[in-house]
Protein chains: 2
Amino acid sequence: MLIVSPRRSVAEARQTRSDILASGVRLASAEGLEGLTIGRLATELGMSKSGVLGHFGSKEELQLAVVDAAADIFTREVADKARGVAPGLPKLLAMCRAWVSYLERRVFPGGCFFTAAASEFDDRPGRVRNAIAGLTTVWNRDLYRQTRTAMAAGDLPPETDADQLVFEISGVILALNNATQLHRDTTAPTHARRALTRLIGYPITAITLLLSLRAA
Amino acid sequence: MLIVSPRRSVAEARQTRSDILASGVRLASAEGLEGLTIGRLATELGMSKSGVLGHFGSKEELQLAVVDAAADIFTREVADKARGVAPGLPKLLAMCRAWVSYLERRVFPGGCFFTAAASEFDDRPGRVRNAIAGLTTVWNRDLYRQTRTAMAAGDLPPETDADQLVFEISGVILALNNATQLHRDTTAPTHARRALTRLIGYPITAITLLLSLRAA
DNA sequence: CCTACCGATCGGTAGG
DNA sequence: CCTACCGATCGGTAGG
């Protein structure tokens, strides 16, 4: 019994898929997940539309794959930067620092991929919306956990309202993204660091982070 | 010399235009300013596409008119609610109160119209982007002005960084919008009021507003 | 304000 | 992974 052999090797196909996703993340970051059309992607990659679509099956699957690829980038840029840091306050500070840096460096040219995606899909029930909501919930939960650990360790006041703190941190992040993208406001990272420092009670600069590490 | 008479009277045409904009604001709030297509608008209104387009000339003009119509609603919901209030701290409190209420009541079903529009257009240079950026700049400037007035009156500490305060207020607003729309988080308005109260140093509840008024 | 169009592009399929 | 399609919809125009 013969199996029809693919025109490209498995390794080549995987590379193509990863190329498509890299272009897709960039395109979706600038134009939105709906503005990411199969035709534009194909043109940009010098492929046929069906060649692109064949890797995913439908536009929704393509969107889900692009969201996953963007999440990998975010994880590499933020969570991984705090991976070796002691849980609690040091890790909370490191995450905030990396988050601000991720927005300051404009890792996604269109600003935070997930803020844009959330705003685009928060009114459209479906798998894409669920994926975005799920990811941001996980990241917020991580902030919450580090806050509770910091409280337990006595590094944050015991009367801290952890949910409230996470809400306010998310606000600073959103304000930074908004000011950077819409107003091209270059003072925004400074405002964001100042706000976070006041919220958490410790400067979020690198030096303090090192001191926290040494103390841990 | 004859002028070709329109099929509808001027008053009727104006009413039609206003009907189109009302539908347009609702559609754009849910689907985005790009998802607002002339065909869908026509179907929803029981009109022909060219009948809709004739009122605006092009899709971009339609988008600009919809942004203006949404700005009128925002002004009615927020700025007008603080119109009679004394400048400075009382007005700042009243504006924040109205802003939270506007998001809590979900005046636009898709969440803050301008947050969504900003996220959609922050990467697309053009008149629509300029209109959105201009409006949010005006509203932020109003917050800034009231902050300065409150400082001059001694109602806020003289060392207050007004730009920083406006940045942080905008973050609370954005976090409230995000939590409400993406996570359907009903505790968000409480978090937002608590954050604003702490930022400004006075409760933003109605009773305090009345007391501030009496004291003024 | 309508009908009747236009070329372009959309997501997706058949078949190889 | 390609060519060659499909019906639907896009923004917009001509002409009345």
Side-chain angles (χ1 to χ4, degrees), chain A residues 2-24 27-28 30-67 120-121 124 126-129, chain B residues 2-24 27-28 30-67 120-121 124 126-129:
Chain A
L2 274 177
I3 295 175
V4 176
S5 64
R7 307 292 166 84
R8 303 278 191 278
S9 72
V10 172
E12 281 171 327
R14 183 154 29 189
Q15 181 59 49
T16 300
R17 191 189 139 98
S18 130
D19 289 346
I20 295 172
L21 287 176
S23 283
L27 238 169
E31 310 280 346
L33 275 165
E34 212 55 54
L36 170 74
T37 68
I38 296 158
R40 292 171 74 168
L41 211 40
T43 302
E44 188 169 310
L45 291 157
M47 291 175 65
S48 67
K49 288 196 327 179
S50 72
V52 170
L53 194 56
H55 283 271
F56 306 96
S58 72
K59 176 158 185 182
E60 190 180 41
E61 293 292 344
L62 167 65
Q63 289 173 325
L64 289 167
V66 165
V67 168
E120 189 177 0
F121 277 84
R124 306 186 198 178
R127 297 171 61 201
V128 177
R129 194 205 127 97
Chain B
L2 275 176
I3 294 174
V4 177
S5 65
R7 307 292 165 84
R8 301 281 190 278
S9 73
V10 172
E12 282 172 325
R14 182 152 30 189
Q15 180 59 49
T16 300
R17 192 188 139 98
S18 128
D19 290 346
I20 295 171
L21 288 176
S23 283
L27 238 170
E31 309 282 345
L33 275 165
E34 213 55 55
L36 169 75
T37 70
I38 297 158
R40 293 171 73 168
L41 211 39
T43 302
E44 188 168 311
L45 291 157
M47 289 174 66
S48 67
K49 288 196 328 180
S50 71
V52 170
L53 195 56
H55 283 272
F56 306 96
S58 73
K59 175 159 185 182
E60 188 180 43
E61 292 292 344
L62 167 65
Q63 289 173 324
L64 289 166
V66 165
V67 168
E120 189 177 2
F121 277 84
R124 306 186 197 179
R127 298 171 63 201
V128 176
R129 193 205 128 96

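The sequence lines fix the lettering, A, B, ..., with proteins before strands; numbering per chain opens at 1.
- Pair check for D/dG16 finds C/dC1; Watson-Crick or G-U wobble, both atom distances under 3.5 Å.
- Across B/Leu41 and B/Ser23, no two heavy atoms sit closer than the pair CD1-CB, 3.8 Å.
- Rounded to an integer number of Å, the gap from CG of B/Leu33 to P of D/dG11 is 12 Å.
- Rounded to whole angstrom, the span from the CZ atom of B/Phe56 across to the C1' atom of D/dT13 amounts to 18 Å.
- Following rounding to the nearest Å, B/Arg17 (CZ) and C/dC1 (P) show an atom-to-atom distance of 12 Å.
- Projected onto DNA chain C by closest heavy-atom contact, A/Arg40 and A/Leu53 fall at different nucleotides, the more 5' of which corresponds to A/Arg40.
- At least one donor-acceptor pair under 3.5 Å links the side chain of B/Thr16 to the backbone N or O of B/Glu12.
- If you measure from atom NE2 of A/His55 to atom C1' of D/dC2, you get 12 Å, rounded to the nearest angstrom.
- The two atoms that bring A/Glu34 and A/Gln63 nearest to each other are OE1-NE2, 3.4 Å, heavy atoms only.
- A/Ile38 approaches A/Lys59 most closely through the heavy-atom pair CD1-CB, 4.3 Å.
- Residue-level contact check: A/Thr37 touches the backbone only, with heavy atoms under 4.0 Å from sugar-phosphate atoms and none from bases.
- Atoms CD (A/Glu31) and C1' (C/dT9) sit 15 Å apart, rounded to a whole Å.
- Distance CG (B/Leu36) to C1' (D/dG11): 12 Å, rounded to an integer number of Å.
- Judged by distance alone, with hydrogens and angles left aside, B/Lys49 brings a side-chain donor or acceptor within reach of the base of D/dG11, the pair sitting under 3.5 Å.
- For A/Ser50 and D/dC2, a side-chain-to-base donor-acceptor distance below 3.5 Å is present, hydrogens and geometry of angles not being considered.
- Whole-Å rounding puts the B/Ile38 CD1 to D/dA8 C1' distance at 16 Å.
- Here D/dT13 presents its P atom at 12 Å from CD of B/Glu61, a figure rounded to the nearest Å.
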